[in-house]
Amino acid sequence: MRLQQELQKSTRAFVRSGGKTNRRMQLQRMQAFVNHCRQLGATSLNNIGIRHYRSYYEEIDHLSPSTQLNHYYAIRQLLRLNLLPDPPRPPHLH
């Protein structure tokens, strides 16, 4: 539950600014990533590690490269809003 609360708290101001459609889509991608991490046992954004990124990238591997990159940008934005280091890029998009 704490992970979901961190997401809501950090994205409240983010969603209010900019293009509504794009921000909504980014928020949905952030929520998908947070739900994935929660299923793997993460309780906070600080607990997310390389294992979570790799398994999430494997889960979205069926999507087009541009959509996968959009997921990466959403995750990166989430971490930047929480003053955390940038995530690794998906392996095949380097």
Side-chain angles (χ1 to χ4, degrees):
M1 190 64 173
R2 180 176 173 208
L3 193 57
Q4 191 68 25
Q5 290 171 344
E6 287 179 355
L7 173 68
Q8 291 173 353
K9 182 180 177 183
S10 63
T11 58
R12 181 171 291 151
F14 172 74
V15 174
R16 292 183 182 180
S17 64
K20 291 181 182 180
T21 305
N22 182 48
R23 297 298 168 124
R24 252 186 250 124
M25 290 175 66
Q26 281 191 309
L27 181 61
Q28 288 174 352
R29 292 178 183 125
M30 291 176 191
Q31 288 172 334
F33 176 69
V34 164
N35 289 336
H36 177 80
C37 292
R38 195 171 56 200
Q39 289 175 353
L40 293 177
T43 57
S44 172
L45 289 174
N46 292 324
N47 294 347
I48 295 174
I50 192 74
R51 177 176 66 105
H52 298 95
Y53 299 120
R54 286 183 181 163
S55 66
Y56 185 71
Y57 292 150
E58 288 174 8
E59 184 177 303
I60 63 168
D61 192 39
H62 67 282
L63 301 174
S64 71
S66 63
T67 304
Q68 291 177 27
L69 198 57
N70 287 335
H71 279 263
Y72 164 75
Y73 291 144
I75 295 167
R76 185 180 70 181
Q77 184 63 43
L78 173 64
L79 296 178
R80 286 182 176 179
L81 288 171
N82 288 283
L83 305 176
L84 296 170
D86 287 351
R89 289 175 66 96
H92 54 281
L93 296 178
H94 281 131

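Residue numbers count from 1 along this sequence.
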* Spacing of CD belonging to Gln77 relative to CG belonging to Asp86, to within rounding of 0.5 Å -> 9.5 Å

* Asked: Below 4.5 Å, heavy atoms only, C-beta onward: do Leu69 and Arg89 meet side chain to side chain?
  -> yes

* To do: Report the distance from atom CG of Asn35 to atom CG of Leu40, rounding to the nearest 0.5 Å.
  => 11.0 Å

* Asked: Below 4.5 Å, heavy atoms only, C-beta onward: do Tyr72 and Ile75 meet side chain to side chain?
  -> no

* Work out which heavy atom in Ser44 is nearest to a heavy atom in Glu6; give both atom names and the distance. => OG-OE2, 2.9 Å

* Just how far is it from atom CZ of Arg2 to atom CG of Leu45, taken to the nearest 0.5 Å? -> 8.5 Å

* With sequence neighbours left out, write down each residue that passes side-chain hydrogen bond (donor to acceptor under 3.5 Å, both in side chains) with Tyr53, or none if nothing qualifies. => none

* Structure fact -> To the nearest 0.5 Å, atom CG of Asn47 lies from atom CZ of Arg38 at 13.5 Å

* Rounded to the nearest 0.5 Å, what's the gap from CD on Gln26 to OG1 on Thr11? Could you check? => 10.5 Å

For residues 57-65, tabulate all N or O donor-acceptor pairs below 3.5 Å that involve a side-chain atom, not counting sequence neighbours.
unit_1	atom_1	unit_2	atom_2	d
Tyr57	OH	Pro88	O	2.6
Glu59	OE1	His36	ND1	2.8
His62	ND1	Glu59	O	3.3
Ser64	OG	Ser66	OG	3.3
Ser64	OG	Thr67	N	3.3
Ser64	OG	Thr67	OG1	2.9

* May I ask you to test the Leu78-Val34 pair for a side-chain heavy-atom distance under 4.5 Å? => yes

* Quick one: pull up OH in Tyr73 and CE in Met25 and give me the separation to the nearest 0.5 Å. => 14.5 Å

* Structure fact -> Ile48 and Cys37 have their tightest heavy-atom pair at CD1-SG, 3.8 Å

